[in-house]
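Notes follow the structure.
Worth saying up front: this structure is predicted, and the values here are computed from it rather than measured.
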Amino acid sequence: MTLEIRLRGDAAARLAGPAAALLRAVAGAEPDQRTEKKDGEATRDLGTAVALASLVLSVPGTIVATLDLMERRKQGKLVRELLEKVRATPGLATLRKGSGPPLDLSSATEDQVMDLLAGPPDVK
């Protein structure tokens, strides 16, 4: 994937640092900085403006997705701990969501428990 932000004129000096930080956060890589020397008046590039706007608009979705993954990781740790205790304890332990079928926790995988918890609510 290639991301490019072009900065010209006063924007180059003022926004180079924040733009590089944004690219590092979104792409997870160190951006290449190139300079262009042009004589005359600066031109506006509509494609660049659209690309920059698209990049900026995608950042909130990326942040939300990252937070969702972090939350799922925390929940996964709790589920793993629960499943370990269930398997070490004699007896029956099941998990049921609404009127759906019960899930036997002694043989369930972490993904099965997470999917059941994250699934749609049981509506009647």
Side-chain angles (χ1 to χ4, degrees):
M1 169 175 63
T2 300
L3 300 174
E4 182 177 342
I5 296 178
R6 290 184 186 191
L7 304 170
R8 292 192 178 118
D10 292 339
R14 190 171 195 173
L15 300 176
L22 175 66
L23 287 175
R24 275 193 290 284
V26 172
E30 190 64 31
D32 293 334
Q33 291 187 351
R34 301 178 196 152
T35 57
E36 294 180 14
K37 292 186 179 181
K38 291 190 176 184
D39 293 332
E41 198 173 309
T43 60
R44 293 179 184 246
D45 183 50
L46 181 60
T48 301
V50 170
L52 180 58
S54 298
L55 177 64
V56 169
L57 292 174
S58 71
V59 170
T62 303
I63 292 170
V64 169
T66 302
L67 292 174
D68 287 346
L69 287 173
M70 291 171 56
E71 185 63 29
R72 184 170 171 100
R73 184 174 178 198
K74 288 179 195 174
Q75 292 172 354
K77 181 181 178 189
L78 296 173
V79 168
R80 274 191 305 277
E81 290 172 0
L82 173 66
L83 292 177
E84 288 172 6
K85 290 178 182 178
V86 165
R87 292 183 181 121
T89 306
L92 177 66
T94 61
L95 176 63
R96 178 184 302 220
K97 187 169 189 179
S99 63
L103 178 65
D104 182 4
L105 293 178
S106 64
S107 62
T109 65
E110 177 185 339
D111 286 335
Q112 289 173 320
V113 174
M114 295 293 292
D115 290 343
L116 180 63
L117 294 173
D122 185 44
V123 179
K124 282 226 167 196

Problem - Check ion pair D104-R87 (N to O, under 4.0 angstrom) - result: no
Practice task
Please report the closest heavy-atom contact between A88 and P90, naming both atoms and the distance.
Solution key: O-CD, 4.0 Å
Problem - Sequence-distant partners of E71, side chain to side chain contact (heavy atoms under 4.5 Å, CB included), two or more places apart - result: K74, Q75
Exercise for the section: Work out which heavy atom in K97 is nearest to a heavy atom in L117; give both atom names and the distance. Expected result: NZ-O, 3.2 Å
Exercise for the section: Report the distance from atom CG of L116 to atom CG of D111, rounding to the nearest 0.5 Å. Expected result: 12.5 Å
Practice task
Group every Ile, Leu, Val, Met, Phe, Trp and Tyr by side-chain heavy-atom contacts under 4.5 Å, then state whether M70 and I63 land in the same group.
Solution key: yes
Practice task
Measure the spacing between CG of L82 and NZ of K77 and express it to the nearest 0.5 Å.
Solution key: 14.0 Å
Fill in the blank from the handout: Heavy-atom nearest pair, V86 first then A93, reads CG1-CB, 3.8 Å
Exercise for the section: Return the set of residues passing side chain to side chain contact (heavy atoms under 4.5 Å, CB included) with R96 (not counting sequence neighbours), or none when no residue passes. Expected result: P102
Handout entry: In one Ile/Leu/Val/Met/Phe/Trp/Tyr side-chain cluster, 4.5 Å: V59, L67
Key = yes
Practice task
Kindly compute the distance separating OG1 (T94) from CG (L105), expressed to the nearest 0.5 Å.
Solution key: 6.5 Å
Handout entry: Between OG1 on residue T62 and CG on residue L55, distance to nearest 0.5 Å
Key = 8.5 Å
